[in-house]
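Per chain, numbering begins at 1; letters A, B, ... match sequence-line order.
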Amino acid sequence: MESSSGPSVITNYPTIEPRGLRDRYIGTISEKDLGASVTVCGWVSKVREHGEHLVFIDVRDFSGIVQVVAHSSVELRAEYVVRVKGKVTRRPEGTENSSLDTGQVELTDSEIELLAQADPPPFSLTDRVEVDESTRLRFRYLDLRREKMQSNLRARARINSAIRASMERQGFTELETPLLWTPTPEGAREFVVPSRLNHGSSYVLPQSPQIAKQLLMVSGFDRYYQIARCLRDEDLRADRQFEFTQLDLEASFVSQDDVMEFISDAVMGASRAVGLEHVDPIGRITWRDAIDLYGVDKPDMRFGHTLIDVTDIFADTQVRALSAPCVKALVAPNPSELTRSKLDGLVDRAKALGAKGLLWLRVESKDGELTLDSPVAKFISDAESRELIAKVGAKAGSVILMVADEWQSACQVLGQLRLELGRKLADPNQFTYVWVVDFPLFEGMSEDGSLISAHHPFTMPNQDDFDKLESDPLSVRSQSYDLVLNGWELGSGSIRIHRSDIQARIFSLLGISTEEAKNRFGFLLEAFRFGAPPHGGFAFGIDRLTALLVGEDNIREVIAFPKTQSGSDLMTGAPKPLEKSSWDLLGLSVKPVSKNQI
RNA sequence: GGACCUGUGGUGCAGCUUGGAGUGCACGCCGGCCUGUCAAGCCGGAGGUCGCGGGUUCAAAUCCCGUCAGGUCCGCCA
């Protein structure tokens, strides 16, 4: 993806006082300095030798590049580290370089001091060619020297800074919570840290500071925040690493709307920090509408082509494939590209996504009438055809895609196709945040008949749905809310249950016995007996936010030292086998490692 | 656990469908030339276990099987 039009590498370098070996940062050199002698430090970016009497050396630091002119042969290569003292001189007329911030000037009469030599780098640090990611990760320190990675990570730092400023402004207190936490078997697989002093027992690394921050509310900290590392031993994806960073916050005596305002302020601050001046106010959509219109609970609302309910039209249809509780239609965003074989591919794709099938209908104009061309066209009545075309607003050349199934399945399949076909329509420079609210409290039923939490077991049900908890639990909405940006889930939060009677009802519905609850969360439940304030909070992923704001489609591009999809660090070689003595110290023995794992 | 894509001098690619000598392009590297370039230019050169293993074949970068690594996705991620 192209990087967005944020500010250049660093916005505030003119305010940094140069120290030590230099008296200037390269990016600050301009025509204002004509005649001045400056000393800069950096890496040789490029050497252009025109014989021994004229050599151009591009010297680079994080702030910019400047051309140094030498009139004798130099023993310099790319990535040598140098210190250059030279006179800022206007370039001869006609040789200015407008693509360089310092392109009007150059350093002449220069003294070049070699601070360190460098082997030729394994890949070019200046070309725009995409280098294989495994090579980049093996030499990550060099990859990070490239302008794009400098820009990404500095953007991330500005985002962190803006978030902290927002939190402090809103009266939040930054508190740290333990990394060595206690197992609470629930949700994500935890990273295990065996105890040396207590053989057979283990800490785990926290999936999030969830319980700790609720305890801080009991303690009366009122508003807590932390830019917290979270760790989950689950399979990796483009938007998921083992360890990731969240803005984690919790506040007492607040409503859902209050929490949403706190978070809005933080993400707006973060957006401004990367140079976005115009971000629309954050809209809201209910979970039900999100599924109904976009087929996902994290809608990308930068483009239309929402799903259309056509169940009524086919209530008495002859088309067997359409007799289902719900029929959803999508007007394809790219009808002209949809050849017969592409359409067949879409049918396969829909099936892979779990649909029983996918119907496609091409709208054609015959004698001024719109008709349908499709393998199933002859089974569709004229009335159905007319109503369908009118309802979805199809024109000649349109392609209508339809899935018939249970409501949620039909929506999800078609919603995924909407994304895959329409993604191109989304403006990469547009940032559309949206709150998804009114999530169901339970996401379904497990095999043993107990309900499954949609968020976590401490989520407060919606006040209006309390009396349906036992009678119709699946229809109960919760006081939880997600923040979505351009189709990515940034984070989620909820108002928590602070009353033990309500918590007991929820545990009972979730099939968690008193004994089990005590075992897992005993310390939290005990804490709640001593005066727990009503409270709620939120957490959003800073890796994801940063990636989106700088125009990356992969969070590894905003993490200094990420892991590969199989969880290894190509630079350090981690994870590595441990010596037997290390296992012994922990009171552990391990099965022999098979050869191909070494 | 599963599906798909990729793997060819240091880097990025082409070659693979239809087997015929490690063939080609661009960058980089080394040497030479070159006084206004900035993707510098010109000339010359070095550099390869075609990821690894097995199979088919007279012959494999190419076809088949397996495997490893990287990526995308499904499962998983309260």
Side-chain angles (χ1 to χ4, degrees), chain A residues 45-60 65-73 77-79 89 91-100 102-103 106 108 119-139 142 184-190 207-208 210-211 230-242 244 348-349 352-354 416 420 439 441-444 446 451-459 478 480 489 492 494 506 510 512 520-521 539 541 553-554 556 562-568 570 594-598:
Chain A
S45 192
K46 215 113 196 182
V47 180
R48 291 179 295 279
E49 200 172 353
H50 292 243
E52 60 184 304
H53 299 297
L54 180 64
V55 185
F56 300 106
I57 306 128
D58 288 344
V59 178
R60 177 194 74 226
I65 294 181
V66 72
Q67 173 166 284
V68 177
V69 186
H71 294 287
S72 63
S73 188
R77 289 198 311 223
E79 304 310 321
T89 311
R91 291 193 182 197
E93 196 169 345
T95 66
E96 301 88 351
N97 183 353
S98 59
S99 61
L100 221 54
T102 62
E106 59 192 8
T108 58
D119 288 350
F123 51 89
S124 168
L125 306 188
T126 51
D127 285 356
R128 308 152 273 291
V129 246
E130 279 299 314
V131 179
D132 183 65
E133 193 170 357
S134 55
T135 311
R136 293 174 54 202
L137 290 177
R138 179 152 161 246
F139 301 97
L142 290 180
T184 54
E186 175 87 26
R189 193 178 299 118
E190 295 160 321
Q207 321 171 15
S208 80
Q210 180 60 40
I211 293 177
C230 305
L231 300 111
R232 298 178 187 175
D233 191 0
E234 297 289 351
D235 287 0
L236 280 46
R237 287 284 193 285
D239 61 351
R240 274 160 40 188
Q241 284 270 307
F242 285 150
F244 57 98
D348 293 341
R349 179 67 185 141
L353 292 167
Q416 185 61 36
E420 292 173 11
F439 274 77
L441 186 63
F442 305 107
E443 67 178 14
S446 70
L451 293 153
I452 301 166
S453 287
H455 187 51
H456 59 61
F458 317 115
T459 306
S478 67
S480 69
E489 181 194 323
S492 58
S494 62
I506 299 294
L510 293 172
I512 300 174
R520 283 201 215 167
F521 323 110
D553 50 17
N554 186 319
R556 294 187 300 275
K563 307 279 188 291
T564 67
Q565 193 163 43
S566 58
S568 57
L570 297 180
S594 66
K595 267 188 204 151
N596 56 20
Q597 281 181 280
I598 298 177

Using the six-membered base ring of B:G36, report whether A:H50 stacks on it, requiring centroids under 5.5 Å and planes under 30° apart. no

Would you say the base of B:U11 stacks on A:F123 (centre-to-centre below 5.5 Å, plane angle below 30°)?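 Check failed, A:F123 does not stack on base of B:U11.
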
Whether [X] contacts [N] is assessed here as follows: a side-chain N or O lying under 4.0 Å from the phosphate OP1 or OP2. Is that the case?
| X | N | result |
| --- | --- | --- |
| A:T564 | B:G70 | yes |
| A:N554 | B:U72 | yes |
| A:R556 | B:U72 | yes |
| A:R237 | B:C74 | yes |

What integer number of Å spans the [atom1] atoms of [N] and [M]?
| N | M | atom1 | value |
| --- | --- | --- | --- |
| B:G15 | B:C50 | C1' | 11 Å |
| B:C33 | B:G20 | P | 43 Å |
| B:G44 | B:A60 | P | 35 Å |
| B:U37 | B:A26 | P | 23 Å |
| B:U62 | B:A21 | C1' | 15 Å |
| B:U17 | B:G51 | P | 15 Å |
| B:C16 | B:C30 | P | 34 Å |
| B:U8 | B:A61 | C1' | 7 Å |

Would you mind telling me which residue lines up with the more 5' stretch of RNA chain B, A:E133 or A:N97, judged by nearest nucleotide?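 Result of the comparison: A:N97.
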
What nucleic acid atoms does [X] come within less than 4.0 Å of, heavy atoms only: base, sugar-phosphate, or nothing?
| X | result |
| --- | --- |
| A:S566 | sugar-phosphate |
| A:E130 | sugar-phosphate |
| A:E420 | nothing |
| A:S568 | sugar-phosphate |
| A:E443 | nothing |
| A:P122 | sugar-phosphate |
| A:Q565 | base |
| A:E96 | base |

Is there, by distance only and without an angle test, a donor paired with an acceptor across the side chain of [X] and the base of [N] below 3.5 Å?
| X | N | value |
| --- | --- | --- |
| A:R48 | B:U35 | no |
| A:Q67 | B:U37 | yes |
| A:E234 | B:G75 | no |
| A:R240 | B:C77 | yes |
| A:R349 | B:C73 | no |

Applying side chain to side chain donor-acceptor pair (under 3.5 Å), can you list everything that pairs with [X], at least two apart in sequence or on another chain?
| X | answer |
| --- | --- |
| A:R232 | none |
| A:S566 | A:T564 |
| A:S478 | A:S480 |
| A:E79 | A:R60, A:R145 |

Could you check whether any side-chain heavy atom of [X] comes within less than 4.5 Å of a side-chain heavy atom of [Y], counting everything from C-beta outward?
| X | Y | answer |
| --- | --- | --- |
| A:V69 | A:T89 | no |
| A:N97 | A:Q67 | no |
| A:L231 | A:Q207 | no |

Of the listed nucleotides ([options]), which one gets closest to any side-chain atom of [X]?
| X | options | result |
| --- | --- | --- |
| A:A238 | B:C73, B:G36, B:G70 | B:C73 |
| A:R91 | B:U11, B:U37, B:G1 | B:U37 |
| A:L570 | B:G70, B:U37, B:G75 | B:G70 |
| A:P92 | B:C77, B:G36, B:G1 | B:G36 |

Under the side chain to side chain contact (heavy atoms under 4.5 Å, CB included) rule, collect the residues that match up with A:V55, sequence neighbours excluded.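 Only A:V47, A:E49, A:I57, A:A70, A:V74 meet the side chain to side chain contact (heavy atoms under 4.5 Å, CB included) criterion with A:V55.
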
By side chain to side chain contact (heavy atoms under 4.5 Å, CB included), A:P120 pairs with (sequence neighbours left out) A:R77

Would you mind reading off the distance between [X] atom [atom1] and [N] atom [atom2], rounded to a whole angstrom?
| X | N | atom1 | atom2 | result |
| --- | --- | --- | --- | --- |
| A:L236 | B:G71 | CG | P | 9 Å |
| A:D239 | B:C77 | CG | P | 14 Å |
| A:Q241 | B:C77 | CD | C1' | 13 Å |
| A:L54 | B:C33 | CG | P | 16 Å |
| A:D235 | B:A3 | CG | C1' | 14 Å |
| A:Q416 | B:U72 | CD | C1' | 13 Å |
| A:F242 | B:C77 | CZ | C1' | 12 Å |
| A:F56 | B:U35 | CZ | C1' | 8 Å |

Every protein N/O within reach of nucleotides 5-9 of chain B N/O, cut-off under 3.5 Å:
none

Each nucleotide N or O in nucleotides 24-31 of chain B that has a protein N or O under 3.5 Å away: list the pair and distance.
| unit_1 | atom_1 | unit_2 | atom_2 | d |
| --- | --- | --- | --- | --- |
| B:C27 | O2' | A:D127 | OD2 | 3.3 |
| B:C30 | OP1 | A:R77 | NH1 | 2.8 |

Counting only Watson-Crick pairs (N1-N3 plus N6-O4 or O6-N4) and G-U wobbles (N1-O2, O6-N3), all under 3.5 Å, who is the partner of B:C42?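 In the structure as shown, B:C42 has B:G32 as its Watson-Crick or wobble partner.
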
Under a 3.5 Å cut-off for both distances, is B:U37 Watson-Crick or wobble paired, and to whom?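 Paired with no nucleotide.
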
A:K563 NZ to A:R240 CZ distance, which is reported to the nearest 0.5 Å: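 So the NZ of A:K563 and the CZ of A:R240 are separated by 16.0 Å.
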
Can A:R349 and A:E420 be counted as an ion pair, charged N to O under 4.0 angstrom? yes

Are A:R48 and A:D58 within salt-bridge range, i.e. N to O under 4.0 Å? yes

Under the rule for ring-ring contact (aromatic ring centres under 6.0 Å, His included), what residues qualify as partners of A:H53, not counting sequence neighbours?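 Not a single residue meets the ring-ring contact (aromatic ring centres under 6.0 Å, His included) criterion with A:H53.
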
What verdict does the side chain to side chain contact (heavy atoms under 4.5 Å, CB included) test give for A:I512 and A:R520, after you've listed the backbone C-alpha separation in whole Å, the side-chain angles of each residue and the deciding distance to 0.1 Å? CA-CA 10 Å; A:I512 300 174; A:R520 283 201 215 167; 4.3 Å; yes

